[in-house]
A.B. asks: 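Quick one: structure below, then a few questions.
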Number of protein chains: 4
Amino acid sequence: MGPFTTERTVRFSDCDPAGIVFFPQYLVMLNGVVEDWFGDALGLPYAGLIGPRRLGLPTVRLEVDFTAISRHGDHLRWEVSLAHLGRSSFTLLHDVMGRPDQGGGVRLRARQVLVCTSLDTHRAQALPDDLRAAMQAYGARAATGASAAEGERRAP
Amino acid sequence: MGPFTTERTVRFSDCDPAGIVFFPQYLVMLNGVVEDWFGDALGLPYAGLIGPRRLGLPTVRLEVDFTAISRHGDHLRWEVSLAHLGRSSFTLLHDVMGRPDQGGGVRLRARQVLVCTSLDTHRAQALPDDLRAAMQAYGARAATGASAAEGERRAP
Amino acid sequence: MGPFTTERTVRFSDCDPAGIVFFPQYLVMLNGVVEDWFGDALGLPYAGLIGPRRLGLPTVRLEVDFTAISRHGDHLRWEVSLAHLGRSSFTLLHDVMGRPDQGGGVRLRARQVLVCTSLDTHRAQALPDDLRAAMQAYGARAATGASAAEGERRAP
Amino acid sequence: MGPFTTERTVRFSDCDPAGIVFFPQYLVMLNGVVEDWFGDALGLPYAGLIGPRRLGLPTVRLEVDFTAISRHGDHLRWEVSLAHLGRSSFTLLHDVMGRPDQGGGVRLRARQVLVCTSLDTHRAQALPDDLRAAMQAYGARAATGASAAEGERRAP
């Protein structure tokens with residue numbers, strides 16, 4: 001299959017007086033995409049983790065390259081990969097591309113390290129077993145997809 | 001003198017259901033602090049650059065370590081340093097600390113690369129002379145301050 | 001057919017430390033729904049009005065009743081009606097309901113007056129002919145739908 | 001003394017592609033002004049009510065007239081009056097004016113009804129005695145100030 005992908009449309013509310021996406025709004029989008037990744041790719045709805053189970057999933061490290069601007073009305077293709085899975089932390093890679101008829105191109109690339117915490121103590125804790133298992137299964141499926149895709153690209 | 005510092009109070013609107021600052025809101029704050037840095041430290045009000053002069057100052061690279069949580073009502077001390085000044089880009093370092101009576105500590109550290117563009121073409125362009133001169137003067141003053149401060153810390 | 005409807009999911013970023021939607025975020029959603037109404041119900045994409053045509057569509061009057069809370073993960077059904085069409089202004093009614101399996105109920109009702117302006121002067125101007133015609137056609141279609149729906153509700 | 005006043009500067013992040021304040025951002029500001037009103041005018045810091053005491057203060061009704069635009073860099077004078085004090089609800093009036101050298105004028109007027117709830121049940125409850133007493137004292141002081149101010153304006 002390959003990595004999880006979803007789409008976002010750039011809203012009026014995402015844009016600044018320069019008429020382009022205000023960079024913190026990309027990170028609001030990114031957080032929503034991570035919600036979708038939990039629910040749609042892992043099968044564990046994010047709201048159920050935060051609310052009833054009192055798991056925190058704060059971002060502790062973020063690196064972003066904003067490589068091209070996006071304008072109001074642009075459709076973005078958002079791709080999420082799991083780059084690392086530790087005991088209590090994991091790393092996601094985000095690749096965001098414009099639609100070919102709207103200039104295409106990579107708009108941003110981000111590397112995000114999240115850590116699992118208790119919302120009662122805000123201390124790091126080991127990822128719960130179901131979360132870890134879902135991430136491992138996702139990683140395996142995505143890797144297979146990626147290999148297949150790489151195979152296709154390599155094929156003469 | 002040393003680096004530019006300002007203060008921010010964590011608002012209800014900055015916090016998430018976990019009761020702590022939602023990380024993209026730190027970046028909205030950061031952008032406002034950069035506005036203050038232009039106006040108060042460089043003497044060039046940000047709104048005057050963006051509006052009448054049609055200069056863009058987009059962030060092209062961002063690295064953030066979120067080292068400790070901040071809660072609603074926390075007072076943050078925000079310190080901005082100019083780490084690099086290029087032809088069209090410059091790099092700011094942000095150090096954000098809690099107030100001692102609210103747990104103190106470094107809350108986040110960020111490295112932000114901004115580039116000067118034309119808002120008409122969104123292409124990079126050389127920093128205008130007045131902006132460059134103001135940044136050079138700021139860098140010189142801050143470096144002197146920093147050395148003085150380091151001297152104080154080193155003094156037996 | 002009846003009024004335009006769309007759906008929204010309450011995101012983590014929409015919620016406050018009380019764990020419920022922070023009321024200004026409902027209005028960010030509302031603005032996005034109005035964008036969808038222009039594009040999907042009127043056939044005039046909002047970004048094309050604001051950008052290339054330099055039309056402003058600011059809200060000049062807003063009345064909202066927040067009748068019930070919404071939580072992270074809730075699915076909202078958003079209904080938009082055109083209540084009035086003037087020379088340069090128009091009035092939209094928003095009815096926002098929870099999904100039956102998430103408590104249902106009316107979450108908010110809003111009455112929003114927008115005015116057409118020039119983005120160059122920020123002065124009110126008559127609605128352009130194509131916009132007015134699209135709104136009239138929408139009003140006629142929606143009224144037919146509404147009458148039909150009312151007829152159904154009245155039927156014994 | 002008269003009503004509580006505070007100031008806000010319009011930030012880049014408050015503005016939309018039309019270069020003016022995006023209306024939901026006025027309401028984010030308004031919420032921050034209400035925080036300041038609790039802390040500075042009533043002497044009851046908002047964060048202490050929400051967090052430790054688990055009081056909710058949701059807005060249940062909002063009416064806003066956006067009477068003039070505000071631009072990036074504008075300084076706004078924000079005035080808050082207590083218009084009504086009920087058993088569990090109270091009504092605030094907001095008058096927001098531009099600085100004379102930035103066009104002056106009323107930018108917006110809002111009427112906001114808030115209700116006191118329990119954050120555990122989200123049900124309305126009577127305002128706690130200390131909150132009610134602080135609001136009554138504020139109302140009395142502000143009314144005296146208003147009369148005095150009116151007297152001054154009427155004086156020949």
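Each chain gets a letter, A, B and so on, in the order the sequences are listed, and its residues count up from 1.
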A.B. asks: Heavy-atom cut-off 4.5 Å, strictly under: side chain, backbone, both or neither for Ile20(A) against chain B?
C.D. replies: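 Answer is side chain: those atoms of Ile20(A) sit under 4.5 Å from chain B.
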
A.B. asks: Count the heavy atoms of every other residue, nucleotide or ligand shown that sit under 6.0 Å from CZ of Arg71(A), and state whether that count exceeds 12.
C.D. replies: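 Open: at most 12 neighbouring heavy atoms sit under 6.0 Å from CZ of Arg71(A).
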
A.B. asks: If you count heavy-atom pairs under 4.5 Å between each of Ala18(A), Ala68(A), Gly51(A) and chain B, which one has the most?
C.D. replies: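 So the answer, after comparing Ala18(A), Ala68(A), Gly51(A), is Ala18(A).
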
A.B. asks: Who wins among Val113(A), Thr67(A), Thr117(A), Ile69(A) for the most heavy-atom pairs under 4.5 Å with chain B?
C.D. replies: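 Going by pairs under 4.5 Å, I would pick Ile69(A).
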
A.B. asks: So which of Ile50(B), Asn31(B), Leu119(B) has the biggest tally of heavy-atom pairs under 4.5 Å with chain A?
C.D. replies: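 When all of Ile50(B), Asn31(B), Leu119(B) are compared, Asn31(B) has the most.
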
A.B. asks: Between Tyr26(A) and chain B, with a heavy-atom cut-off of 4.5 Å, which part of the residue counts as in contact: side chain, backbone, both or neither?
C.D. replies: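 For Tyr26(A), there is no contact with chain B at all, as no heavy atom is under 4.5 Å.
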
A.B. asks: More than 12 heavy atoms of other residues, nucleotides or ligands under 6.0 Å from CZ of Arg132(A): yes or no?
C.D. replies: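 Count over threshold, so yes.
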
A.B. asks: Once rounded to the nearest 0.5 Å, what's the spacing between atom CZ of Phe23(B) and atom CZ of Arg61(A)?
C.D. replies: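 The CZ atom of Phe23(B) sits 13.5 Å away from the CZ atom of Arg61(A).
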
A.B. asks: Who wins among Arg109(A), Gln25(A), His122(A), Arg54(A) for the most heavy-atom pairs under 4.5 Å with chain B?
C.D. replies: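 Sorted descending by pairs with chain B, the first entry is His122(A).
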
A.B. asks: Glu63(B) versus Arg111(A): any side-chain heavy-atom pair under 4.5 Å?
C.D. replies: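 A side-chain contact is absent here, since even the closest heavy-atom pair is not under 4.5 Å.
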
A.B. asks: Does Asp120(B), at its CG atom, have more than 12 non-hydrogen atoms belonging to other residues, nucleotides or ligands within less than 6.0 Å?
C.D. replies: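 It does: Asp120(B) CG has more than 12 such atoms within range.
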
A.B. asks: Given a strict heavy-atom distance threshold of 4.5 Å, which part of Leu62(A) is in contact with chain B: side chain, backbone, both, or neither?
C.D. replies: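 Contact with chain B: backbone and side chain both.
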
A.B. asks: State, with a plain yes or no, whether a side-chain heavy atom of Leu27(B) is found less than 4.5 Å away from one of Leu27(A).
C.D. replies: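 Contact flag for Leu27(B)/Leu27(A) side chains = yes.
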
A.B. asks: Please classify the contact between Asp16(A) and chain B as side chain, backbone, both or neither, with a heavy-atom cut-off of under 4.5 Å.
C.D. replies: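 For Asp16(A), no heavy atom lies under 4.5 Å from chain B.
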
A.B. asks: Atom CG of residue position Asp101(B) - does it have more than 12 heavy atoms of other residues, nucleotides or ligands inside 6.0 Å?
C.D. replies: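 Check passes, neighbour count above 12.
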
